[in-house]
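No hydrogens, no waters, no symmetry mates; every other heavy atom, side chains included, goes into these values. One-based numbering, in listed order, for ligands and for the atoms of each.
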Amino acid sequence: MKSRILLLSATMFSQVAFAGPTPVDPAMLELADQSRCLVCHDVEIKVRGPAWRDVAKRYRGKPEVEEILVEKVYQGGGGVWGDDYMSSNKRAGMDNIRILVKWILALPDS
Ligand code: HEC
């Protein structure tokens, strides 16, 4: 999924000149790539899974969901965004998943 990262980096550079979506932290995208999340997710657009900005929007002001989401990403699950199902991401490891979920939940609206 390197191509998508390159695309996002290009978008980020253009934001120096244009007011677009708030730039995302490239280090976090790298971690998401290594954790294989980007096979199904993107920050801005729905892929198989929901756009991460939409996830942040949905749970804004509900810090109690953080632990539930960490557990769901780890185990896999469905039923919230449509008919599709997220397979388990155990190989990413609980620590990385927690870091990613915290970051996703804190993403500002575009
Ligand atoms: C095989 C595809 C796939 C992969 C890989 C994947 N996801 Fe998902 N993800 C989904 C789908 C599909 C949903 C929607 C599930 C639902 O409707 O409840 C989802 C939902 C989510 C949600 C919102 C859950 C909710 O209940 O609102 C978060 C947060 C999330 N993913 C984070 C991640 C992270 C972090 C990774 C990498 C460690 C990851 N996902 C890897 C497919 C995937």
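- Ligand 1 places these atoms under 4.0 Å from at least one heavy atom of R48: 1 (C), 12 (C).
- Under the 4.5 Å side-chain heavy-atom criterion for grouping Ile, Leu, Val, Met, Phe, Trp and Tyr, I99 is connected to M94 within one hydrophobic cluster.
- In terms of protein heavy-atom proximity, atom 25 (C) of ligand 1 is closest to Y59 OH, 3.3 Å.
- Set against the non-hydrogen atoms of S87, the atoms of ligand 1 under 4.0 Å away are 1 (C).
- Protein heavy atom nearest atom 37 (C) of ligand 1, with residue, atom name and distance: C37 SG, 1.9 Å.
- Atoms CD and CG, from E30 and D25 in turn, are 11.0 Å apart once rounded to the nearest 0.5 Å.
- You'll find the side chain of N89 stays beyond 4.5 Å of the side chain of R36, heavy atoms only.
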Exercise for review: Mind running side-chain contact (heavy atoms from CB on, under 4.5 Å) on V65 and K72 for me, showing each step along the way?
Suggested key: CA-CA 10 Å; V65 303; K72 173 164 175 174; over 6 Å; no
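- The part of W52 lying near ligand 1 is the side chain, judged by heavy-atom distances below 4.0 Å.
- Within the 4.0 Å heavy-atom cutoff, V101 does not count among the residues contacting ligand 1.
- Counting only heavy atoms from C-beta outward, the side chains of Q34 and L31 approach each other to under 4.5 Å.
- In this structure, the side chains of D109 and R53 stay at 4.5 Å or more apart for every pair of heavy atoms.
- Of the protein's non-hydrogen atoms, K72 NZ, 2.8 Å is the one closest to atom 26 (O) of ligand 1.
- In P50, the part holding a heavy atom less than 4.0 Å from any atom of ligand 1 is the side chain.
- Here atom 2 (C) of ligand 1 lies nearest to C40 when heavy atoms of S88, G82, C40 are compared.
- For atom 15 (C) of ligand 1, the choice among G49, G77, S35, A92 with the nearest heavy atom turns out to be G77.
- Using 4.0 Å as the threshold, V39 has no heavy atom nearer than that to any atom of ligand 1.
- R48 places a side-chain N or O within 3.5 Å of a backbone atom of Y85 that can act as its donor or acceptor partner.
- Residue, atom and distance of the protein heavy atom nearest to atom 24 (C) of ligand 1 are L69 CD2, 3.7 Å.
- The angle H41:NE2 - atom 8 (Fe) of ligand 1 - M86:SD amounts to 170°, with values rounded to 10 degrees.
- No side-chain heavy atom of R91 sits less than 4.5 Å from a side-chain heavy atom of S35.
- Less than 4.0 angstrom separates some heavy atom of Y85 from each of these atoms of ligand 1: 12 (C).
- Considering backbone and side-chain atoms together, V55 places no N or O closer than 3.5 Å to any N or O of ligand 1.
- For the pair W103/V43, a side-chain contact is recorded, criterion being any heavy-atom separation below 4.5 Å from C-beta on.
- With contacts defined as side-chain heavy-atom distances shorter than 4.5 Å, the pair V80/M86 does not qualify.
- At a heavy-atom distance under 4.0 Å, only backbone atoms of R36 (N, CA, C or O) approach ligand 1.
- Protein heavy atom in closest approach to atom 28 (C) of ligand 1: V73 CG2, 4.0 Å.
- Using a 4.5 Å heavy-atom cutoff, the side chains of H41 and V47 are not in contact.
- If you check which protein heavy atom lies closest to atom 17 (O) of ligand 1, you get W81 N, 2.6 Å.
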